[in-house]
Amino acid sequence: MQSDRVKKGIERAPHRSLLKASGYTDEELRRPLIGIANSFNEIIPGHVHLRQIVDAVKAGVRMAGGTPMEFGVIGVCDGIAMNHEGMRYSLVSREVIADSVEIMARAHAFDALVLVPNCDKIVPGMLMAALRLNIPTIVVSGGPMLTGTFRGQKVNLISVFEAIGRVKAGEMSEEDLCELEDQACPTCGSCAGMFTANSMNCLTEALGLALPGNGTIPAVSSARIRLAKQAGMQIMELLKKKLLPRKIATEAAFRNAIAVDMALGCSTNTVLHLPAIAHEAGIKLPLKLFDEISRKTPCLCSLIPAGPHSVVDLHEAGGIPAVMAELSKKGLIHKRVKTVTGKTVGENIKKVKVLDHEVIRPVDKPYRPEGGIAILWGNLAPEGSVVKASAVAPEMLRHEGPARVFESEEEAYEAILAGKIREGDVIVIRYEGPKGGPGMREMLSPTSAIIGMGLGRSVALLTDGRFSGGTQGACVGHISPEAAEGGPIALVKEGDLIEIDIPNRRLTLKVSEGELERRRKAWKPPKKKLSGVLARYAKLVTSGAKGAILEE
């Protein structure tokens with residue numbers, strides 16, 4: 001066992017002495033040492049209950065003959081960090097989380113790991129560490145929040161963001177907004193729609209690194225506690241069988257995850273995170289692969305924010321196993337891939353049935369014939385860009401309009417709420433990419449304001465930054481190369497015509513190459529005074545088209 005390096009032989013008497021100072025007995029030290037990465041904090045609603053989840057994991061580990069050793073992991077709440085300087089730190093935290101789990105596992109010679117995340121960057125950060133370390137690992141998340149109810153309507157966090165625009169437009173009072181904010185997030189858990197956190201928890205399950213139910217069992221359900229105990233017990237089986245993350249998360253497994261991503265209509269952030277996770281295992285997931293799978297994978301679900309159904313509705317309809325079973329009817333799932341259950345995907349889904357065909361449509365009667373995410377290219381995005389096509393109004397799938405150019409998220413947000421954006425406009429927010437931000441901020445406030453102001457069916461938004469999983473509308477992000485690296489988005493001027501053609505995957509700036517070349521020669525990158533982690537990140541981070549991974 002790896003842990004023998006810190007506990008076996010007379011040379012390790014000092015190490016054992018320190019472990020005994022922490023309360024461990026000789027019997028506990030003879031057992032495998034299982035690291036439990038707990039991302040609990042008192043800030044994120046998706047994490048406030050993780051102590052209870054971790055206690056259940058530890059009970060499972062002990063029942064199966066292991067010794068659990070808990071350690072803490074940081075986490076940022078994207079909702080609270082939204083629309084201010086704090087959002088620059090969100091994507092940065094993914095790398096810090098991956099590094100911290102690696103450090104703890106290697107420094108203390110754990111034999112295996114149970115990872116307990118829940119929200120946006122914590123899940124991919126932990127998965128990056130799992131594939132980097134390649135020791136037996138299982139993931140169990142905290143689960144989704146229930147939806148709220150506001151005057152007979154289902155509501156969630158995004159309802160509150162969008163309501164700000166409604167107040168500014170005179171369609172809602174501040175008193176109503178106050179009542180809505182009290183109702184929108186009624187329980188602990190990751191926010192109720194198919195936003196980034198739930199997207200990543202569902203894809204972890206599809207990838208085979210979590211037990212069935214991981215992505216969809218509600219946070220407040222006793223089944224979530226039972227799942228955590230089962231995960232604690234199952235890690236001992238993975239250790240016994242030497243079933244390692246890289247044996248599970250193969251290229252075929254990532255293709256499964258992308259297919260499920262497209263069928264669910266997941267967050268566009270998955271196009272950042274899956275390549276970053278795969279990179280740790282030496283697997284490349286280019287943007288073209290996402291689009292290739294999207295072209296042939298039907299969108300089976302209409303989940304918040306694109307549609308009416310919550311993640312809990314998805315769970316009650318059969319969850320991720322049912323989605324995979326439906327996709328397998330069209331040959332879109334690789335069934336021979338191993339999973340942390342110890343069985344293959346095919347064995348896991350063999351007897352699974354869809355329980356509600358409105359929430360999970362039959363593969364031959366989907367909500368959309370293609371997947372939820374589309375990759376657009378063109379002279380404005382030579383290396384690609386990303387849009388959640390399933391959340392775009394039909395009339396905006398093709399759109400041409402004048403550019404309204406803003407150098408930051410704050411400038412654009414103020415203009416939208418001040419009524420300065422007109423129907424047909426194409427808002428361009430630049431210098432918000434991985435290097436230019438730095439940190440590639442999410443644009444949930446501007447996109448929600450567009451919806452709240454009643455412009456969702458007439459205005460588009462383009463950025464080299466990114467979007468929350470809660471974003472809906474013709475919002476194209478991850479435009480690469482980014483403005484800070486001299487990408488074409490840096491050359492756009494107020495009033496330039498921009499054409500968006502999602503069905504044909506095109507994003508075109510209607511300016512001649514000669515004019516663009518003249519602008520390029522005159523362009524100078526803006527300088528920002530940076531310090532600390534943001535300065536280091538800006539120097540090392542790569543393009544959004546590469547998953548915003550750090551240069552090695």
Student: May I ask you to check whether Ser267 and Ser199 show a side-chain donor-acceptor distance below 3.5 Å?
Tutor: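 No donor-acceptor contact under 3.5 Å links the two side chains.
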Student: Could you tell me whether the side chain of Lys435 and the main chain of Glu482 form a donor-acceptor pair under 3.5 Å?
Tutor: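 No, Lys435 side chain to Glu482 backbone: no donor-acceptor pair under 3.5 Å.
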Student: Rounded to the nearest 0.5 Å, what separation is found between the CD1 atom of Ile429 and the CE atom of Met443?
Tutor: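 Output value for this atom pair is 5.0 Å.
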Student: When rounded to the nearest 0.5 angstrom, what distance separates OG1 in Thr339 from CG in Leu207?
Tutor: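 If we round to the nearest 0.5 Å, Thr339:OG1 and Leu207:CG are 10.5 Å apart.
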Student: Would you compute the distance between atom CZ of Arg62 and atom OG1 of Thr67 and round it to the nearest 0.5 angstrom?
Tutor: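 Arg62 CZ to Thr67 OG1: 8.0 Å, rounded to 0.5 Å.
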Student: Say whether Ser222 and Arg226, considering side chains only, have a donor N or O and an acceptor N or O under 3.5 Å apart.
Tutor: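 Short answer, yes.
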Student: If you draw a 6.0 Å radius around CD in Glu383, do more than 12 non-hydrogen atoms from other residues or ligands fall strictly inside?
Tutor: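 Enclosed.
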Student: Take atom NZ in Lys528; do more than 12 heavy atoms of anything else shown fall under 6.0 Å from it?
Tutor: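 Atom NZ in Lys528 is packed in, count exceeds 12.
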Student: Looking only at atom types and distance, does a side-chain atom of Ser310 sit under 3.5 Å from a main-chain N or O of Ala192, one as donor and one as acceptor?
Tutor: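 Such a contact is absent between Ser310 side chain and Ala192 backbone.
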Student: What's the spacing between Lys335 NZ and Ile349 CD1 if we round to 0.5 Å?
Tutor: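 Answer rounded to 0.5 Å: 5.5 Å.
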Student: Quick one: do Arg106 and Glu102 make a salt bridge, cutoff under 4.0 Å?
Tutor: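 Result for this pair is no, no salt bridge flagged.
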Student: Taking side chain as C-beta onward, heavy atoms only, is Val61 less than 4.5 Å from Met233?
Tutor: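 Answer no - side chains too far apart.
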Student: Would Lys58 and Glu70 count as a salt bridge (charged side-chain N to carboxylate O under 4.0 Å, His left out) if you check the C-alpha gap in whole Å, the side-chain angles of each, and the deciding distance to 0.1 Å?
Tutor: CA-CA 8 Å; Lys58 290 193 276 191; Glu70 177 186 344; 2.7 Å; yes
Student: If I take atom CD from residue Glu28 and atom CG from residue Leu33, how far apart are they, to the nearest 0.5 angstrom?
Tutor: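 Output value for this atom pair is 9.5 Å.
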Student: Go through Glu27 and Arg31 one step at a time and tell me if the salt bridge (charged side-chain N to carboxylate O under 4.0 Å, His left out) criterion holds.
Tutor: CA-CA 7 Å; Glu27 171 58 30; Arg31 298 176 178 182; 3.2 Å; yes
Student: Charged N to carboxylate O under 4.0 angstrom, Arg132 versus Asp99?
Tutor: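 Yes, Arg132 and Asp99 are salt-bridged.
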Student: Do Asn201 and Asn118 have side-chain N/O donor and acceptor atoms under 3.5 Å apart?
Tutor: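 There is such a pair (donor and acceptor under 3.5 Å, judged by atom type) between the side chains of Asn201 and Asn118.
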Student: Do Arg88 and Glu432 sit within salt-bridge range, that is, some charged N less than 4.0 Å from a carboxylate O?
Tutor: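 Glu432 and Arg88: salt-bridged.
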Student: Within this structure, what is the CG-CG distance for the pair Leu238 and Leu243, rounded to the nearest 0.5 Å?
Tutor: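 That separation rounds to 5.5 Å.
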Student: Is it the case that the side chains of Arg224 and Ser141 hold a donor-acceptor pair, with the cut-off being a distance below 3.5 Å and no angle test?
Tutor: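 Result is yes, a qualifying pair exists.
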Student: Looking at Lys20, Lys7, Lys8, which one forms a salt bridge (Lys or Arg N to Asp or Glu O under 4.0 Å) with Asp26?
Tutor: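 By the salt bridge (Lys or Arg N to Asp or Glu O under 4.0 Å) criterion, Asp26 pairs with just one of Lys20, Lys7, Lys8: Lys20.
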Student: Can you tell if the side chain of Asp120 reaches within under 4.5 Å of the side chain of Glu442, non-hydrogen atoms only?
Tutor: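 Yes. Closest side-chain heavy atoms under 4.5 Å.
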